[in-house]
Chemist: 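Just passing along the structure, written as structure tokens.
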There are 2 protein chains.
Amino acid sequence: MYVTNPSEFAAEASFAPLHISCPHSVETQLKPGAYLFYEGDEVEWLYQVTSGVVRLTRLLSDGRRQVIAFGYPGDIVGFPADGLHHTDCEALTETRLQPFRRSILETGDGDPKMHRDLLQAALREISAMQDHFMMLGRKSANEKLASFLCVLAERVGKDLGSSRSVTLPMSRSDIADFLGLTTETVSRTFTQLRKSKIIAIENIHTIIIQRPTALLGLSKGE
Amino acid sequence: MYVTNPSEFAAEASFAPLHISCPHSVETQLKPGAYLFYEGDEVEWLYQVTSGVVRLTRLLSDGRRQVIAFGYPGDIVGFPADGLHHTDCEALTETRLQPFRRSILETGDGDPKMHRDLLQAALREISAMQDHFMMLGRKSANEKLASFLCVLAERVGKDLGSSRSVTLPMSRSDIADFLGLTTETVSRTFTQLRKSKIIAIENIHTIIIQRPTALLGLSKGE
DNA sequence: CGCGGGATTGACCCGTATCAAATACTGTGG
DNA sequence: CCACAGTATTTGATACGGGTCAATCCCGCG
């Protein structure tokens with residue numbers, strides 16, 4: 001999951017679960033904190049998240065970290081480049097994943113439909129990442145966090161009538177490293193949104209979006 | 001072209017020109033300033049840059065711009081998502097491109113080898129973009145510009161013995177919008193590098209890298 | 001030779017980082 | 001179930017990098 005402009009997001013979210021017809025593809029389970037793969041690992045499988053949330057990260061030698069994406073149900077993680085994983089992947093919650101052989105993506109290997117679906121997923125990934133560039137390069141802390149919450153609300157929020165609740169399985173520093181901020185700034189920005197009554201913080205991992213339209217406005221810099 | 005860690009870059013640069021065996025694929029020519037496609041256009045063709053340089057950009061409604069990538073010879077531009085282009089593409093110099101039907105990427109369509117090559121290019125693109133995330137989100141202005149120059153030097157620089165010359169066909173504001181900075185900051189950072197004798201500015205579009213090792217060090221934040 | 005648009009430089013300011021302290025949570029063992 | 005320790009989060013004070021706005025410079029071009 002990348003942070004895209006919410007209004008555009010709808011068009012990209014239409015990722016139907018892939019049909020399961022892959023030999024040797026027993027669903028994989030991960031406990032919170034467990035790693036699915038590491039940067040540099042040979043890619044054998046791609047995975048579609050079935051339930052739960054995973055986090056893709058990349059590290060700089062001096063310890064700076066960038067969260068590349070969060071993997072929510074429907075998302076494909078583990079695209080290879082030159083046969084290798086280029087991120088670490090850790091489960092944030094109890095997570096189930098449907099594995100697909102790398103060869104299905106790369107050679108088709110007996111399943112043309114799945115091949116095409118995985119390819120389309122890769123292409124959508126490129127487009128979604130382009131949106132995220134805009135966010136990292138050109139948006140303020142406020143806009144970043146507002147966009148982040150809007151996307152999550154649209155994708156996995158629970159409707160509460162006039163407001164909407166969002167669960168954040170990731171830590172503040174995960175959010176910070178995803179948005180290119182510090183934890184302190186993320187925290188302060190949450191506080192600011194809370195004080196302006198746009199959101200309420202039910203608990204650390206649960207945000208109530210009280211004024212969705214205002215939040216959407218903020219995300220676009222209005 | 002994205003800005004990746006130069007040392008990693010070598011591994012990703014190994015993109016052999018695709019074999020040309022596509023029906024109806026006459027090489028396309030563009031003059032500087034000409035557009036190849038716009039955001040929202042239906043994708044009919046992908047292109048491999050043969051010579052010259054193109055620029056991929058995305059706009060926010062309020063005018064903020066993000067340069068997504070520069071397309072140098074060997075690069076593939078125009079990957080579709082849901083059948084559409086999601087960036088504008090403008091030629092910065094006289095440019096020649098080899099078109100490939102979108103169907104070759106998406107369905108294989110009679111040319112399995114090309115299909116595989118295009119797919120691999122897309123996957124490498126994803127990985128390269130992940131590197132660029134790190135840059136946009138986690139690097140200082142100094143590190144960004146140093147990284148940018150290092151990558152260009154490695155990829156298209158001319159060897160001058162102990163130093164190296166790089167041609168920059170793009171404007172300062174293109175560089176700024178690529179790195180998530182302002183033109184003023186890009187300009188100041190150039191000046192700073194010049195004053196510390198790491199680079200010399202032969203003219204606006206030609207940089208001499210006098211101390212490549214120092215520049216590489218800066219790019220990694222040392 | 002003068003015009004115009006990009007590039008550079010300067011002065012100043014603001015947003016976000018940094019460093020530090022207080023507070024809130026989470027899990028563990030008794 | 002409570003006490004405690006360790007960790008995450010929030011809050012505060014301050015610093016600084018890079019943005020903003022404005023002036024000047026430079027170079028290509030008519």
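Proteins get letters first, then strands, A, B, ... in listed order; numbering begins at 1 in each.
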Chemist: Checking B/Thr189 against B/Gln192: is there a side-chain donor and acceptor pair closer than 3.5 Å?
Modeler: no
Chemist: When you check the side-chain N and O atoms of A/Thr50 and A/Glu27, is any donor under 3.5 Å from an acceptor?
Modeler: yes
Chemist: Please report, rounded to the nearest Å, how far the P atom of D/dT11 is from the CD1 atom of A/Ile204.
Modeler: 11 Å
Chemist: Rounded to whole angstroms, how far apart are CD1 on A/Ile175 and P on D/dA8?
Modeler: 14 Å
Chemist: To the nearest angstrom, how far is B/Lys195 atom NZ from C/dT9 atom C1'?
Modeler: 9 Å
Chemist: Of the nucleotides D/dT9, D/dG18, C/dA7, which one has an atom closest to the side chain of B/Arg172?
Modeler: C/dA7
Chemist: For B/Lys144 and D/dG18, what is the distance between atoms NZ and P respectively, to the nearest whole Å?
Modeler: 8 Å
Chemist: Rounding to an integer number of Å, can you tell me how far B/Ile199 CD1 sits from C/dT8 C1'?
Modeler: 13 Å
Chemist: Between B/Asn203 (CG) and D/dG28 (P), how many Å, whole number?
Modeler: 8 Å
Chemist: Please classify the nucleic acid contact of A/Ser187 as base, sugar-phosphate, or nothing, using heavy-atom distances under 4.0 Å.
Modeler: base
Chemist: Between A/Ser147 and A/Lys139, do the side chains contain a donor N or O and an acceptor N or O under 3.5 Å apart?
Modeler: yes
Chemist: Measure the distance from CG on B/Leu168 to C1' on C/dA7 and round it to the nearest whole Å.
Modeler: 13 Å
Chemist: Are any non-hydrogen side-chain atoms of B/Trp45 and B/Phe37 less than 4.5 angstrom apart?
Modeler: no
Chemist: Looking only at the side chains, is there a donor atom on one of A/Ser127 and B/His86 sitting less than 3.5 Å from an acceptor on the other?
Modeler: yes
Chemist: Applying a 4.0 Å non-hydrogen cut-off, can you work out what B/Thr183 is touching in the nucleic acid: base, sugar-phosphate, or nothing?
Modeler: nothing
Chemist: Which protein N or O atoms sit under 3.5 Å from an N or O of nucleotides 17-20 of chain C?
Modeler:
| residue | atom | partner | partner atom | Å |
| --- | --- | --- | --- | --- |
| C/dA17 | OP2 | A/Thr182 | N | 3.4 |
| C/dA17 | OP2 | A/Thr182 | OG1 | 3.1 |
| C/dA17 | OP2 | A/Thr185 | OG1 | 2.4 |
| C/dT18 | O4 | A/Arg188 | NH2 | 2.7 |
| C/dC19 | N4 | A/Glu184 | OE2 | 3.1 |

Chemist: Measuring centre to centre across the rings, with the benzene-like ring taken for any Trp, is A/Phe178 within less than 6.0 Å of A/Phe70?
Modeler: yes
Chemist: Rounded to the Å, how far apart are B/Leu145 CG and D/dG17 P?
Modeler: 16 Å
Chemist: For A/Tyr2 and A/Glu125, does a side-chain donor sit closer than 3.5 Å to a side-chain acceptor?
Modeler: yes
